[in-house]
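Letters A, B, ... are given to chains in the order of the sequence lines, protein chains preceding strands, and every chain is numbered from 1. Basis for what follows: all heavy atoms, side chains included, without hydrogens, waters or symmetry-related copies. Note that this is a predicted model, so its numbers are computed, not measured.
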There are 2 protein chains.
Amino acid sequence: MVKSRTIYLMRPYKHPTADQFTLERIFHALSDPARLEIVRHLARVEAATCGELDGGRPKSSMSHHFRILRDAGLVHTRAAGAIHQNTLRLADLNTRFPGLLKAILAQAPESGMVTAERKHSL
Amino acid sequence: MVKSRTIYLMRPYKHPTADQFTLERIFHALSDPARLEIVRHLARVEAATCGELDGGRPKSSMSHHFRILRDAGLVHTRAAGAIHQNTLRLADLNTRFPGLLKAILAQAPESGMVTAERKHSL
DNA sequence: TCGATAGTTCGACTATTATCGAACATTCGT
DNA sequence: ACGAATGTTCGATAATAGTCGAACTATCGA
């Protein structure tokens, strides 16, 4: 009995073109808290490695989330040596879905919190 | 052996208040083609029954989708006799997430289609 | 060349979601 | 009171998605 060996295939990233974006895929990508957080972070810093953005999550989980974000067209990943730089595809997104990402990013992460003022207004 | 009888509980709709909306839930609700279509339809007609909006889908499936839309805060359902009227919660959504729904609805359903012009541009 | 670092892939498991028929609740018209 | 119409609930099944350890690829630095 010969023990079979798993083959690992390292494909280059495939980023969809802007005309391949769909709203459904974008919304699905943004429906996960971890991914929404990543997108918000990228909106602030312009570029970041995958490692900078994990919230203590394992690498394989992060890799999964980045793939979903790439497939939706939200994120572009460029291999720069051993490090991979992620950026938001702002221009492409705005071409394909004008104003959409801006409206999304305009919503503050904490907008769900109840502030002291609001509590008093009862 | 006594045959047990399933009990059916008909609860009234529970609509979340605007401050309970979350972006994640809204995006998840919109990530399904059937639900996105429902929202787009409601944006055009102001109010519609569940039956008007099925695309040949069974009633139980539609009921499921409407529940997700309600839970996300996108749709309000009011029982008007035997019929249930659905409306978009435009005001609440705009209070909670200003400009978001407008930006979403501004994206045409067909914007993913390949037009004759584009095909020729190869 | 060896080790460290960054991130992907694989694979297994779990959890959430979608689909849909059948039974049911509710209201309306007659 | 009965039947038709509208939509929900239940329950089972199928499909999709998230989690994460282990093995791996690729690159960099010493």
| query | Got a second to check how far A:Glu52's CD is from A:Ile38's CD1, nearest 0.5 Å? | reply | 12.0 Å
| message | Go nucleotide by nucleotide along DNA chain D from the 5' end; which of A:Ser61 and A:Ala82 gets its closest nucleotide reached first? | response | A:Ser61
| Which letters describe nucleotides 8-18 of chain D, given B = protein heavy atom under 4.0 Å from base, S = only from sugar-phosphate, - = neither? | BBSS-----SS
| Modelled atom types, side-chain donor and acceptor of B:His84 and B:Tyr13, under 3.5 Å | yes
| field | Span of DNA chain C, from the first to the last nucleotide whose atoms fall under 4.0 Å of chain A heavy atoms | value | C:dA6 to C:dG11
[Y] backbone acceptor or donor facing [X] side chain under 3.5 Å:
X: B:Asp92; Y: B:Ala18; result: no
X: A:Gln85; Y: A:Ala80; result: no
X: B:Ser63; Y: B:Ser60; result: no
X: A:Asn86; Y: A:Ala48; result: yes
X: A:Thr95; Y: A:Ala91; result: yes

| Salt-bridge criterion met for B:Glu24 and A:Arg35 (N-O under 4.0 Å) | no
